[in-house]
Amino acid sequence: MSDQKRLFLVDAYALIFRGYYAFIKNPRINSKGTDTSAIMGFMNSLLDVIKRERPDHLAVCFDKGGSTDRVEMYQEYKANRDETPEAIKIAVPYIYDILKAMHIPIMVKEGYEADDVIGTLSKQAEKEGYKTFMVTPDKDFAQLVSENIFMYRPVFGGGYETWGIPEVQKKFEVTDPLQVIDFLGMMGDSSDNIPGLPGVGEKTAKKFLAQYGSMENLLANTHELKGKMKEKIEANGELGILSKKLATIMLDVPVEFNEKDFEMSQPDIPKVTEIFQELEFRRLIDNFNKTFATDSETPQTNTTPSTTKATLKEQTSAGAGQFSLFGGDPSGATNTEPTSEYSRKTAETTSHFYQSIDSGIATKLFIKNLMNQTSVCFDTETTGLNPITAELVGIAFSWEVGKGFYLPFPEEKTEAQELIEQLRPFFESEAIQKIGQNLKYDIKVLAKYNIEVKGKLFDTMLAHYLINPDMRHNMDVLAETYLNYTPISIETLVGKKGKNQLSMREVPLEKQTEYAVEDSDITLQLKEHFEKELGEANTQKLFDDIEVPLLRVLAAMELEGINLDKKFLETLSGELNKDIASLETKIYETAGETFNIASPKQLGIILFEKLKLVDKPKKTKTGQYATSEDILSYLAKDHDIIQNILDYRGLTKLKSTYVDALPDQVEESTGHVHTDYMQTVAATGRLSSNNPNLQNIPIRTERGRQVRKAFIPRNEDYTLLAADYSQIELRIIAALSEEETMISAFKNGEDIHASTASKVFNVHLNEVTREQRSNAKTINFGIIYGVSAFGLSNQTNLSRSESKELIDTYYATYPKLRNFVSDQVAFARDHGYVQTVLGRRRYLKDINSRNAVVRGAAERNAVNAPIQGSAADIIKIAMINIHQKLNEGNFKTKMLLQVHDELVFDVYKPELESIKNLVKTEMEGAYKLEVPLDVDLDIGDNWLEAH
DNA sequence: TGCAATGCATA
DNA sequence: GTATGCATTGCAA
C-alpha cells in the first residue's frame, strides 16, 4: 500500500436509506417504540468502514434542502419521490449527535446535494495529493472516479468493492468515467425522475456510447439512426441535454477541504455510549468499543466487559468441575422451566447443557472422552457456504441428548490445522459412527484440511429424504415437525443476509456454542427418531447401500470440479454479441421502434397490437399475450420478425445463462467449476445440480452445444470420457412390464423407436419412414411420462383422434405395457405410494382425489416415478462401484459429472483402456434386469467431442 | 431487496 | 404428459 494520505467521504443519506431498507422486513423497534433501523444501518456501515480501512481523514456528507440548481433547470427533478419514511426523519438528528460525539466532521451546504459536496471535496483533495474514497452505493458517483478518486461501495452479502477507473470502464462499458454522465443522461433515472432519452434503456445507452461516445455526438449524428428511434431521439435532443446536466455532479460547491478538520481523532466514548444506550444498541456498543480500542489494551479485555466471559464461566461452573463434566449427567442445565404442550420448545425452554471448550487441557480431555464413544453427532461451523473456501470456525459434538460440546477454531491457519490434527484420530476412526445433517458439506470442509471422515455415517437429511421425499429436509423444518422444537435461527446470530451480515467468526463464542451445539443435539435426536422409521421395507438398505455411500462419492466429485476453458467462452461471447446486435437491428426495423425484446409484455404488444400479426392472439392465464416458444414458432414461417425474435431469445439466453455465467463460477483456488449435487430435492430419487447447474448444458442446437467445448480435461495428459446409458428408461419399463416384444427388441439390439414404428404402423423394419420413427419415439417417451391423447397430439403433427388411435394400437402391440400402467396406478391407490426397483418410495396423496385434473397428475406420477427413479437408482449403484474401483486401483482418473443417465470422467491417458472397460462393466452390470443395459462410451478433448 | 410469472436449458 | 435450475422482467414492500 502506498503511504498516500487517504480521505473517506461518506454519502450519509444513501447509507441511511440502505440501512433502513435492509431492516424493512423486521424493523428494529426499541422498548420506547422508536424505529431505530435507519440509525442502526448507518452506524453499522460507518463502523465497518472505519474498522476495515482505518482512514486518517474522514467526513460525512448530507443533502440539505435539495438541489436548487437542478430544480431550477427541471421542475420535476426528484418530484416523484415518496415522502421520506418517518424512521429516517427521526434518524438524522441522532446521527448528527453521534457524529459530533465521534468528532467526525459533518459536511452540508444548503441547496446542494451530498453528491455535489462529495464531488467538490474529492476534487480539492485530489489537488492536495489525497486518495479519496467515496463511500456510497450510488452508481452515479462513478462519473467522479479518477486515478486518485475511488468509489467504495458496500456490496450485497457484506463487504465492499472499490471502483477505480478499470472497474468503471468495465461496468459501464465506457472508456472514460466522465461518460457515465452521458450514460445516465441517455437512459434516465426513475428514482431521481431524470427523464433520459425516450426508448433508451441500459442496453441501448451502452450501444450508443460505444458508437458515439457522448450525448452530444449522438445528437449530432441522428441521421445515422433508423425508423422510430431516429424520430424519437431527434425530437428529444433537448431533453437529452437537460438529462445530462441533471445527472452531472457539481464540482463548484462553496465548501472547502481543510485537511486539519478532516483528521480522524479519538471519539468521546462515554458520550457515544450514552447515545447508544438510549437507543438500546447493545451489540453496537461492543462493536464500537472494539473499533476504537486503544492500542495498549487488547480489544477483548477492553470491550467485552464481563457479559461474555461471565456467561461462559457460569456454564463451566454449572457442573461439578472439568472432570465430571465429560462423564456427568446434565444436572447443570441452565433452565428447566416446563414447556407448554401447545407451544414449541426452544433452547430457552428446554433443559440442556452445552459447553464450549476453551483451553488446551480441556481439549485434550475432551478428545480422550470423544474417542471412547461409539457414535457421535458433529456439525462444523464455517465462515461461508462454499466448502472449498470456507474456514472452520468451530465444531460441535454431541452423543447424549440435551448435551454437547463446542470446540472453537483459531483464525490463524497453522493453529487451526494443529487443532484439527488432534481430532484426526476421531474423524478417521473406523469404529466411531458419525452422525450429521448434510454430512456432504462437513466432509468437504474437512477434506480441505486434509481430514478424511471414516467410519459408519448417519445423515439425518438423507434419512428423511427416504422417509418422506416430498417434504423439505432442512433442519429447522425437521426439528419442528418431529421434535416440536424451534432451533435458534442463524439470522438471530449473523443478521439478515445482505448488508451487514456477520460471519460466524464474528459471533460471540457463547452464541456460537448455543447455536452449534443445539444443531448437533437436534441432529442427534432426529437420528434416534429416524433410525426406527428407516427400519421399514427396503428403506434401510437404500439408506445404507445407496444414499450414504453415494454421499462420499458426490463429495469427491464436487471437490474435484471440472476444468473450464474461459478463453474459449470469451470468444464465443463476442461472436454471440455480434449476432444478437444484428438481430436486434432487424427486429427494431420491422417493429418500427425500439423496445425490450426480452419483455414478454412489451413484445406481445408490439406483435399483436401494433403489427397485428394475428387476428385473435392467445392470452396467458394472467391476461398477457402468449409469446412462448411453441406459439411463436407456429407463426415463424409467416413473419420474418418472429424468426428473428426466436433466434434473439435463443442467443441471449445462451449468452447469459451459460457463456457469460460459467466463467464467473470458476473457483479461483482450483481453476475448476464445482457444482453442488443436491441429493435430497428430486422426489423421484434423481440428483439435481446447482451453482452452477451442469445437468442442463445445451446439446440440442448447433449453437448451444458449442458451450460443451469449454469443458475440458485438466491437462494434456488427460482426456474426457462420457459414458451414457442407452434408452435406460425404456429398458426399465420393458423389464418391469415384462413385455416380451419390447424385451426381445432390446435383446436383439434393435433401434427401439424404429422397432416400435414398424410394429404400430405395420411396416417392415427397413421401411419405417422418418416421420413414423419420430412419432413412435414420441409415444415411447409419452409412456414414460404417463401418456394422454391430448399430450401426444400436442407433441406431434397428429390430431387428437389420430393420437388416440395411435395409443390404442401401441397398447395392442405392447399389451403388457398397458397392464403395467394400470397396475402402477392400482398399486398407488391401494398403498398410497409407488416404488422403484430398489424400493425407493414416492407417496402420492392425490391418487384418490375427486378432482380429475389433480388425480390425473398423480396417476402420471405413479407411472413415471418408478421408471425415472429406478434409472436413478441404477446409475447411483454404478457411481458407487466405479468410485470404489477407482480408489482401489489407485487410478489417477476421476469421475467428475453425472447427468442423469451419463457419467463424465477425466481420464489419465495411460489408463484409458482399463477405464473404458471398468466403466462399461460397472455401468452395465449395476443392476440385473430382464433387459440388458447398454452403455455408449465416447472420448474427446472436450465434452462436445466426447459425444 | 424479494417474489411471482414467464421462458428455456437438460434428462 | 415426468423431473429439475436459473435468468430476466416487473411489481411490491
Side-chain angles (χ1 to χ4, degrees), chain A residues 17-18 20-25 27 82 85 137 156-157 190 201 203 469 496-499 596-604 620-632 646 649-658 660-662 665 675-678 681-701 704-705 707-708 724-725 727-729 733 778-779 781-796 803 807 821 842 853 856-869 871-872 875 897-902:
Chain A
F17 269 90
R18 197 167 185 276
Y20 171 72
Y21 281 108
F23 288 109
I24 194 91
K25 273 277 160 65
D82 291 340
F156 172 76
S190 62
K203 287 186 176 179
K496 285 266 177 193
K497 73 168 164 193
K499 39 100 188 137
N596 187 346
I597 308 169
S599 161
K601 200 173 170 180
Q602 295 185 28
L603 179 63
T620 66
K621 54 175 175 273
T622 48
Q624 311 237 341
Y625 295 109
T627 62
S628 58
E629 153 96 50
D630 50 336
I631 292 184
L632 291 192
L646 287 171
R649 271 195 192 160
L651 297 190
T652 49
K653 161 87 181 176
L654 194 63
K655 184 160 144 40
S656 64
T657 311
Y658 304 103
D660 290 348
L662 282 170
Q665 306 261 12
T675 186
D676 190 4
Y677 286 106
M678 302 277 109
V681 298
T684 51
R686 275 190 177 180
L687 298 177
S688 83
S689 152
N690 67 21
N691 299 309
N693 182 352
L694 296 186
Q695 291 181 323
N696 72 345
I697 303 301
I699 192 164
R700 291 194 227 267
T701 66
R705 64 199 308 176
V707 175
R708 294 198 169 218
D724 58 285
Y725 282 111
Q727 308 295 355
I728 187 166
E729 294 187 339
I733 203 172
T778 309
I779 190 169
F781 279 111
I783 294 296
I784 296 171
Y785 298 149
V787 262
S788 70
F790 176 76
L792 188 62
S793 71
N794 264 351
Q795 283 284 307
T796 60
S803 296
I807 293 172
V821 168
R842 172 145 190 206
V853 177
E859 287 172 357
R860 289 191 295 275
N861 278 322
V863 179
N864 174 260
I867 301 166
Q868 199 183 104
I875 197 168
L897 304 178
Q898 189 254 41
V899 192
H900 308 307
D901 65 358
E902 173 186 5

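Everything quoted here is computed from the prediction, not taken from an experiment. Every chain is numbered from 1, with letters handed out A, B, ... down the list of sequences.
Side chain A:R686 to base B:dA11: a donor-acceptor pair is found below 3.5 Å. Scanning atom types as modelled, one donor and one acceptor separated by under 3.5 angstrom connect the side chain of A:Q868 and the base of C:dT2.
Between C:dG5, C:dC6, C:dA3, one nucleotide has an atom nearer to the side chain of A:N691 than all others, and that is C:dC6. Which of B:dT10, C:dA7, C:dG5 sits closest to the side chain of A:M678 comes down to C:dG5. Of all nucleotides listed (C:dT2, B:dA9, C:dT4), C:dT4 comes nearest to the side chain of A:A682. Nearest nucleotide to the A:H900 side chain, out of C:dA3, C:dT4, B:dA11: B:dA11. Across C:dA3, B:dA11, B:dC8, the shortest atom-to-atom separation from the side chain of A:K653 is found for B:dC8. Side-chain proximity of A:Y785 to the nucleotides C:dG5, C:dA3, C:dT2 is greatest for C:dT2.
Side chain of A:T657 to main chain of A:L654: no donor-acceptor pair is present (N/O by atom type, distance under 3.5 Å, no hydrogens or angles).
One finds no side-chain N or O of A:R700 lying less than 4.0 angstrom from the OP1 or OP2 phosphate oxygen of B:dA9. Within the structure, a side-chain polar atom (N or O) of A:S656 is placed less than 4.0 Å from OP1 or OP2 of C:dT8. Between A:T657 and B:dA9, a side-chain N or O to OP1/OP2 separation shorter than 4.0 Å is absent.
When all heavy atoms of A:G786 and A:R860 are compared, the closest pair comes out as O-CD, 3.0 Å.
In this structure, A:I867 reaches neither bases nor backbone, as no heavy-atom distance under 4.0 Å exists between it and the strands shown. At the heavy-atom level, A:V681 lies under 4.0 Å from the strands shown only through sugar-phosphate atoms. Here A:A683 lies in heavy-atom contact (under 4.0 Å) with sugar-phosphate atoms only. Base contact: A:T778 has a heavy atom under 4.0 Å from a base atom. Among the atoms of the strands shown, none is found under 4.0 Å from any heavy atom of A:L654. Residue-level contact check: A:R842 touches the backbone only, with heavy atoms under 4.0 Å from sugar-phosphate atoms and none from bases. Within the 4.0 angstrom heavy-atom criterion, only backbone atoms of the sugar-phosphate kind lie near A:N693; the bases stay farther away. Residue A:R860 is classed as a sugar-phosphate contact, given heavy-atom separations below 4.0 Å to backbone atoms only.
Across the protein-nucleic acid pair, A:Q727 atom CD and B:dA11 atom P stand 12 Å apart, rounded to whole Å. The nearest whole Å value for the distance from the CD atom in A:E902 to the P atom in C:dT4 is 20 Å. Separating the CD1 atom of A:I733 from the P atom of B:dA11 is a distance of 19 Å, rounded to the nearest angstrom. One atom, CG of A:L662, and another, P of B:dT10, lie 14 Å apart when rounded to the nearest Å. Atom CZ of A:R708 and atom P of B:dA11 are 6 Å apart (whole Å). Taking atom CG of residue A:N690 and atom P of nucleotide C:dA7, one finds them 11 Å apart after rounding to whole Å. When rounded to the nearest whole Å, the span between CG of A:L897 and C1' of C:dT4 equals 16 Å. Protein atom CZ of A:F17 is 15 Å distant from nucleotide atom C1' of B:dT1, rounded to whole Å.
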Q: Begin with the C-alpha distance, continue with both residues' side-chain angles, and end with the deciding distance and a verdict on side-chain contact (heavy atoms from CB on, under 4.5 Å) for A:Y677 and A:Q695.
A: CA-CA 10 Å; A:Y677 286 106; A:Q695 291 181 323; 4.0 Å; yes
Q: Could you check A:T684 against A:R842 for side-chain contact (heavy atoms from CB on, under 4.5 Å), going step by step and ending with a plain yes or no?
A: CA-CA 7 Å; A:T684 51; A:R842 172 145 190 206; 3.9 Å; yes
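Note that the CG atom of A:N861 and the CD atom of A:E859 stand 10.0 Å from one another [nearest 0.5 Å]. Rounded to the nearest 0.5 Å, atoms CZ (A:R686) and CG (A:D901) are 8.0 Å apart.
Looking at A:N690 and A:V681, their side chains never come closer than 4.5 Å, going by heavy atoms from C-beta outward.
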